[in-house]
Amino acid sequence: MSKVIVVTSGKGGVGKTTTSAAFATGLALRGHKTVVIDFDVGLRNLDLVMGCERRVVFDFINVINGDANLNQALIRDKRIENLFIFPTSQTRDKDALKREGVDRVMAELRKEFEYIICDSPAGIEQGALTALYHADAAVIVTNPEVSSVRDSDRIIGILASKSRRAERREKPVEEHLLLTRYSPERVQKGEMLSVEDVKEILSVPLLGIIPESETVLKASNTGMPVILDPASPAGRAYEDAVARFLGDQREMRFQLPERRSFLRGWFGRAAT
Amino acid sequence: MSLFDFFFPKKPASALVAKERLQIVLAHERAGRESPDFMPRLQKELLAVVAKYVAVNEDMIRVSLGKAGNASVLEINVEMPAGERPLLKAKPVPA
């Protein structure tokens with residue numbers, strides 16, 4: 001059985017690509033054969049975050065147009081077994097992902113992979129609709145901030161009405177809330193919406209809390225999914241989220257500010 | 001409450017303001033999203049019927065679907081030209 005997971009948010013810049021990369025890597029680390037697909041035609045970035053930008057030869061559009069077959073376009077990750085990256089094209093034609101072509105490719109991928117992660121573009125235009133259409137599950141990436149929460153609400157509505165499951169009146173797309181760039185210190189000061197606030201407003205089950213962390217930028221600088229950084233709190237949080245997705249029970253970490261020891265505060269910079 | 005809080009009263013936390021604003025705006029947007037596709041057509045056809053009897057134009061008829069407790073309320077407002085007696089009033093239908 002294969003499962004298609006869309007990573008979506010409505011709003012841009014909340015961490016969809018970071019999440020897609022981390023999530024796909026996490027699933028592969030747990031032994032599941034996984035592919036992560038970039039649906040952001042024209043603004044391809046998953047390749048950079050995954051560190052395989054120099055290995056892209058053929059892309060999603062080439063496969064759809066029949067210029068290459070799937071195996072020629074799939075990039076095998078050099079670090080993790082069972083992990084593949086399917087890059088998109090840099091074409092300016094935003095409607096290049098034709099419906100029938102995407103249907104055919106998804107059907108083919110379903111035969112090969114256990115998990116298919118779809119990294120959605122921002123917005124609610126055709127690109128985002130194509131990315132979520134085949135989804136069995138959705139990871140809704142949300143920042144604790146008004147515009148992101150509102151846009152997430154909008155995308156939740158779209159999942160319920162425009163997905164293939166909705167069209168066919170099948171079981172609805174499984175929804176998972178992932179709260180990213182969370183800052184427990186600011187929540188405690190009353191400057192940031194809390195986990196409970198966002199859960200209450202969106203009423204979607206919480207998959208994880210990813211703390212705001214400098215290590216996310218460092219990881220993308222070097223093209224390494226942040227989940228592979230053992231010292232990164234965000235990486236650990238992604239690991240927890242993947243485990244929960246697979247049915248494990250994990251305590252929800254990073255909800256409260258980390259206590260800093262006196263010595264660490266003076267002599268060492270805590271990894272944040 | 002400490003003496004400090006007494007002399008320097010706190011402003012309401014901005015996160016609380018954010019939550020309240022979101023709840024209001026989303027309640028409104030969700031209601032709009034759930035309005036069925038037939039609404040524009042219904043409005044047009046109702047206008048045609050009313051126009052048979054009274055001289056009305058498009059701006060004078062307003063159809064909306066709202067909620068009152070557990071029931072959905074289909075509200076039809078027709079603005080009458082001066083001198084005419086109203087024919088239609090808001091009418092609730094069960095959900």
Side-chain angles (χ1 to χ4, degrees), chain A residues 9-11 14 123-124 128-129 132 140 142-163 166-167 169 172-173 175 177 179 181-204 206 209 212 255-257, chain B residues 1-47 61-77 90-95:
Chain A
S9 68
K11 192 177 180 299
V14 296
I124 50 171
L129 298 182
L132 68 80
I140 297 140
T142 307
N143 291 169
E145 177 261 328
V146 285
S147 47
S148 175
V149 175
R150 183 196 214 171
D151 292 359
S152 291
D153 190 72
R154 191 77 198 278
I155 218 77
I156 291 165
I158 291 171
L159 279 164
S161 60
K162 298 272 163 69
S163 62
E167 267 184 21
R169 295 178 189 282
V173 177
E175 294 165 346
L177 174 64
L179 206 52
R181 310 199 69 165
Y182 195 70
S183 172
E185 293 81 11
R186 302 198 72 183
V187 171
Q188 212 167 47
K189 284 190 215 155
E191 293 175 359
M192 185 181 265
L193 289 166
S194 71
V195 191
E196 297 308 320
D197 291 340
V198 180
K199 264 167 70 182
E200 187 188 327
I201 294 166
L202 294 178
S203 46
V204 171
L206 182 68
I209 305 166
E212 172 80 66
Q255 279 197 70
L256 296 169
Chain B
M1 196 156 81
S2 74
L3 206 59
F4 185 82
D5 289 339
F6 183 78
F7 286 113
F8 303 95
K10 279 185 198 152
K11 272 191 263 170
S14 64
L16 199 69
V17 180
K19 187 182 178 186
E20 284 168 7
R21 289 176 61 219
L22 270 170
Q23 278 169 329
I24 292 164
V25 74
L26 291 184
H28 191 77
E29 287 176 358
R30 284 170 188 158
R33 204 183 297 154
E34 281 154 20
S35 99
D37 303 345
F38 62 73
M39 292 299 275
R41 230 169 355 122
L42 177 66
Q43 176 152 356
K44 227 179 221 162
E45 285 175 26
L46 279 168
L47 178 72
I61 182 161
R62 216 157 263 125
V63 184
S64 66
L65 198 65
K67 275 216 163 93
N70 283 330
S72 293
V73 178
L74 178 66
E75 201 174 288
I76 302 163
N77 280 305
K91 196 177 180 187
V93 286

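First the proteins, then the strands, lettered A, B, ... as listed; each starts at 1.
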All heavy atoms of A:Leu193 vs all of B:Ala15, minimum pair found to be CD2-O, 3.5 Å
Portion of B:Val17 that has a non-hydrogen atom of chain A nearer than 4.5 angstrom:
neither
To check you understand the geometry: which heavy-atom pair defines the closest contact between B:Ala13 and A:Gly190, and what is its length?
CB-O, 3.4 Å
How about the chain B/chain A donor-acceptor pairs under 3.5 Å, what are they, with distances?
from	atom 1	to	atom 2	distance (Å)
B:Ser14	N	A:Gly190	O	3.3
B:Ala15	N	A:Gly190	O	3.0
B:Lys19	NZ	A:Asp197	OD1	3.4
B:Lys19	NZ	A:Glu200	OE1	2.9
B:Gln23	NE2	A:Glu200	OE2	3.2
B:Glu29	OE1	A:Arg150	NE	3.4
B:Glu29	OE2	A:Arg150	NE	2.8
B:Glu29	OE2	A:Arg150	NH2	2.5
B:Arg30	NE	A:Asp153	OD1	3.0
B:Arg30	NE	A:Asp153	OD2	3.3
B:Arg30	NH2	A:Asp153	OD1	2.6
B:Arg30	NH2	A:Ile201	O	2.8
B:Arg33	NH2	A:Asp153	OD2	2.9

With chain A as the partner, which of B:Leu16, B:Leu26, B:Val25 has the greatest number of non-hydrogen pairs under 4.5 Å?
B:Leu26
